[in-house]
Amino acid sequence: MVECPQARRHVDAMRRLDQLNFSNSYARLPEPFHSRLRPTPLQGTHLLSFNPAAAELLDLDPLESLRPEFTHWLSGQAPLPGSEPLAALYAGHQFGHYVPQLGDGRAILLGEVQNRRGERWEVQLKGAGLTPYSRRGDGRAVLRSTIREYLCSEAMHGLGIPTTRALCLFGSDEEVWREEVENGALLVRLAPSHVRFGSFEVFYYRRQFDHLRRLADYVIAHHYPELREDENPYLSLFREVTTRTARLIAQWQSVGFAHGVMNTDNMSILGLTLDYGPYAFLDDFDPGLVCNHSDYQGRYAFDRQPDIAHWNLSRLGQALLPLLGEPVESGVERANAVLDTYAPDFHAHYQALMAGKLGLRERQAGDAPLLQDLLQLLAAQHVDYSNFFRTLGRFDSAPGARNAALRDLFVEREAFDRWAEDYRARLGAEQSDDSLRRHAMDRINPKYILRNYLAQQAIARAQQGDNSEIERLLRLLQAPFDEHPGDEAYAAAPPDWGRRLAISCSS
Ligand code: AMP
Ligand code: MG
């Protein structure tokens, strides 16, 4: 058989699971940063879904998922060669209140794999049993929440939004008690680092400033090496995290993603979307949507996310104060100067992303009110957010064109017509070409998002032993801008039962 030499090289670079290139650095940090321990195996573990796209990040041969050892090693039944399992310590502000000790209560870090591109990926098992940080929890994760995290992290990646990734998902026969008896499951997730704002807070509030510095040095050395030579690398770190967070939240807002639990322990130091719980993608545009069933005050409502991220960054800045120089007042001033960049940075990014969603190449005066008017209209008329923008790509800007498909998304069609006149004029002002614009908009406005009702359907099937919906959604969501003929139903707004599903915080 003749083989393409390039394909051969590719295969050669793929590794067996027991030959992954582990290079563990977090385990080298001293004891208070983590606790060494072994995962507690689940009963009757079986592989439910495997994601080859994430396997590539580890240089892992996807065929390895077919070996029985795959489940043994990655679900924590037997030690994976090269791994040094540990649970990490952190704290955090939960719903505005400081909780002095959290930590990986059910997640166990196996270690970091360095791939042939030189990237390091932490391999973490979520749902791997009790740790010293489990508090009153059981160390487990249930099938429904594990499927939600598995699918959503890959959906976010498909949308181009920074996120942790998901390698595979295991089901089990083990009974786990939540509001009712459910099945335990385990997610293998990947990220360059799972360090959170709360990882810094714990040492600040314990007044362990040496450890605080050690953690900052670690994060800079491994994840922000370009900051090492700066005059004040810790201030630069804070600036960089602030910028990344502002951009991340701008992406969330533009795509209509509500995280649901933006506690500081769920805020990534790398600006990744981290810890998927009761999240939701907006169906109809409801800016005040509170997707977390237990968020009685609406603290984490969709439209509060930009402010909450700023508040969370203030907590991080506070925790970094001992590293920002003497006297402390100057440190405070420097941190506040960084925080002051957040709002303008967020707005600039959000406006740019929304201009893209509207298919505008140029920035012109009047763009902000055009967008504002539209969002008000979408909210007032309960129009499906993603489907509106996808359909807007097909807007016919010829004078007198009816644009029936768009109009029909609105109850009051004349209200849309009025906005459409402004939009048509605005497109004319930059000599927009309909077909070029449609092409560009289709790469920005996704056709497929992980609507809660879709996740719910996949969960219900999986609970009956049928994983086909998980596989199908994974395929659609990894390419959310493509048309996927035959699967159009997965782009539909929710049926009545699937609107505003209250997602329990228990997971
Ligand atoms: P979360 O709200 O999922 O971000 O979790 C907040 C904290 O609770 C983290 O320290 C988790 O590790 C911990 N936790 C959540 N669920 C469990 C569980 N079932 N067992 C042990 N710890 C848990
Ligand atoms: Mg968390």
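- In this structure, a donor-acceptor pair under 3.5 Å is absent between the side chains of Thr242 and Arg247.
- Between the side chains of Thr243 and Tyr342, not a single donor N or O lies within less than 3.5 Å of an accepting N or O.
- Of the possible polar contacts, none joining the Asn467 side chain to the Ile470 backbone as a donor-acceptor pair under 3.5 Å is found.
- Classified by interplanar angle (parallel below 30°, tilted 30° to 60°, perpendicular above 60°), the ring pair His259/Trp252 is parallel.
- Note that the CG atom of Asn336 and the OG atom of Ser314 stand 7.5 Å from one another [nearest 0.5 Å].
- A cation-pi arrangement is present between Arg148 and Tyr279, with the terminal nitrogen or guanidinium carbon under 6.0 Å from the aromatic centre and inside a 45° cone about the axis.
- For the 3.5 Å distance criterion, the side chains of Glu119 and Trp121 qualify, holding a donor opposite an acceptor.
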- [ ] Carefully, step by step, assess Leu42 and Arg140 under the rule side chain to side chain contact (heavy atoms under 4.5 Å, CB included).
- [x] CA-CA 9 Å; Leu42 282 158; Arg140 294 303 186 198; 3.5 Å; yes
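- Side-chain atoms of Leu143 and Ile459, non-hydrogen and from C-beta on, never get closer than 4.5 Å to each other.
- Inspection of the Tyr150 and Ser49 side chains reveals an N or O donor paired with an N or O acceptor under 3.5 Å.
- A donor and an acceptor atom, one from each side chain of Gln364 and Glu362, are located under 3.5 Å apart.
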- [ ] Evaluate the criterion side chain to side chain contact (heavy atoms under 4.5 Å, CB included) for residue pair Phe481 and Lys447; output intermediate values, then yes/no.
- [x] CA-CA 6 Å; Phe481 302 105; Lys447 177 159 180 170; over 6 Å; no
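- One N or O on the side chain of Asn292 and one on the backbone of Ser294 form a donor-acceptor pair closer than 3.5 Å.
- In this view, Phe281 and Phe257 satisfy the ring-ring contact (aromatic ring centres under 6.0 Å, His included) rule, not counting sequence neighbours.
- A centroid separation of 6.0 Å or more is found between the aromatic rings of Phe170 and His46.
- Checked by atom type and distance alone, the side chain of Arg239 never pairs as donor or acceptor with a backbone atom of Val338 at under 3.5 Å.
- Aromatic pair Tyr204/Phe200: ring centres not closer than 6.0 Å.
- Between Arg407 and Asp417, at least one side-chain N (NZ, or NE/NH1/NH2) sits under 4.0 Å from a carboxylate O, which counts as a salt bridge.
- Taking the six-membered ring for Trp and thresholds of 30 and 60 degrees, Phe95 and Tyr300 have ring planes inclined between 30 and 60 degrees apart.
- Defined by atom type and a distance below 3.5 Å, a donor-acceptor pair is missing between the side-chain atoms of Asn115 and Glu56.
- Proximity of a side-chain donor or acceptor of Arg178 to a complementary backbone N or O of Ser504 within less than 3.5 Å is not detected.
- Side-chain atoms of Arg144 and Ser506 form a donor-acceptor pair, as typed in the model, at a separation below 3.5 Å.
- The list of salt bridge (charged side-chain N to carboxylate O under 4.0 Å, His left out) pairs with a residue in residues 253-279, not counting sequence neighbours, reads Lys126-Asp275, Arg189-Asp275, Arg196-Asp275.
- Residues Phe416 and Gln381 form no side-chain contact, since every pair of their non-hydrogen atoms from C-beta on lies 4.5 Å or further apart.
- Checking side-chain atoms of Gln251 against main-chain N and O of Gly160 turns up a donor-acceptor pair under 3.5 Å.
- The aromatic ring centres of Phe70 and Phe50 sit less than 6.0 Å apart.
- A donor-acceptor pair shorter than 3.5 Å cannot be found between the side chains of Glu201 and Tyr90.
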- [ ] Evaluate the criterion side chain to side chain contact (heavy atoms under 4.5 Å, CB included) for residue pair Asn266 and Val261; output intermediate values, then yes/no.
- [x] CA-CA 7 Å; Asn266 292 337; Val261 205; 3.8 Å; yes
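- Within the 3.5 Å criterion, the main-chain N or O of Gly428 finds no donor-acceptor partner in the side chain of Ser432.
- You'll find the side chain of Arg424 reaches within 4.5 Å of the side chain of Phe395, heavy atoms only.
- For Asp396, the side chain to side chain contact (heavy atoms under 4.5 Å, CB included) partners are Ala398, Ala401, Asn403, Asp434, not counting sequence neighbours.
- Distance alone, capped at 3.5 Å, is enough to place a donor-acceptor pair between the Tyr385 side chain and the Ser254 backbone.
- Glu469 and Gln457 are not linked by any side-chain donor-acceptor pair at a separation below 3.5 angstrom, with hydrogens and angles left out of the test.
- In this structure, OG in Ser65 is found 10.0 Å from CG in Leu74, a value given to the nearest 0.5 Å.
- Using a 4.5 Å cut-off on side-chain heavy atoms (C-beta onward), Arg394 and Asp442 make contact.
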Task: salt bridge (Lys or Arg N to Asp or Glu O under 4.0 Å) evaluation trace for Arg438 with Asp433 - done: CA-CA 8 Å; Arg438 171 181 173 160; Asp433 173 280; over 6 Å; no
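- Checked by atom type, the side-chain pair Asn183/Glu174 shows no donor-acceptor distance below 3.5 Å.
- Annotation for Arg475: atom CZ counts as buried by contact number, over 12 foreign heavy atoms lying within 6.0 Å.
- In this structure, Leu270 and Tyr224 approach most closely via the heavy-atom pair CA-OH, 3.6 Å.
- Using a 4.5 Å heavy-atom threshold, the side chains of Val383 and Val411 count as separate.
- Judged by distance alone, the side chain of Ser172 and the main-chain N or O of Gly184 form a donor-acceptor pair under 3.5 Å.
- Of the charged side-chain nitrogens involved, none lies within less than 4.0 Å of a carboxylate oxygen, so that Arg418 and Asp422 do not count as a salt-bridged pair.
- Atom CD of Gln297 has 12 or fewer neighbouring heavy atoms from other residues, nucleotides or ligands inside a 6.0 Å radius.
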- [ ] Could you walk me through whether Met441 and Leu392 pass the side chain to side chain contact (heavy atoms under 4.5 Å, CB included) test, one step at a time?
- [x] CA-CA 8 Å; Met441 287 171 83; Leu392 188 66; 3.8 Å; yes
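- Counted within 6.0 Å of NE2 on His157, heavy atoms from surrounding residues, nucleotides or ligands total 12 or fewer; the atom is thus considered open.
- Crowding of Glu488 atom CD: a count of heavy atoms from other residues, nucleotides or ligands under 6.0 Å exceeding 12.
- Taking the charged nitrogens against the carboxylate oxygens, Arg499 and Asp283 have no contact shorter than 4.0 Å, which rules out a salt bridge.
- With hydrogens and angles ignored, the 3.5 Å screen pairs a side-chain donor or acceptor of Ser134 with a backbone N or O of Gly105.
- The two atoms that bring Arg165 and Leu57 nearest to each other are NH1-CD1, 3.7 Å, heavy atoms only.
- The shortest heavy-atom contact between Ala379 and Pro287 is CB-CD, 3.9 Å.
- The one candidate from Leu374, Ile444, Leu360, Leu371 that meets the side-chain contact (heavy atoms from CB on, under 4.5 Å) condition with Met354 is Leu371.
- Between the side chains of Tyr490 and Arg472, at least one donor N or O sits under 3.5 Å from an acceptor N or O.
- Put simply, the side chain of Leu186 does not reach to within 4.5 Å of the side chain of Thr45, judged on heavy atoms.
- At distances below 3.5 Å, at least one donor-acceptor pair connects side-chain atoms of Glu430 with backbone N or O atoms of Arg361.
- With hydrogens and angles left out, the side-chain atoms of Asp482 and Tyr448 include no donor and acceptor closer than 3.5 Å.
- Contact annotation: the side chain of Glu154 never approaches that of Leu450 to less than 4.5 Å [non-hydrogen atoms, C-beta and beyond].
- A salt bridge does not link Asp384 with Arg390: every distance from a Lys NZ or Arg NE/NH1/NH2 to an Asp or Glu carboxylate oxygen is 4.0 Å or more.
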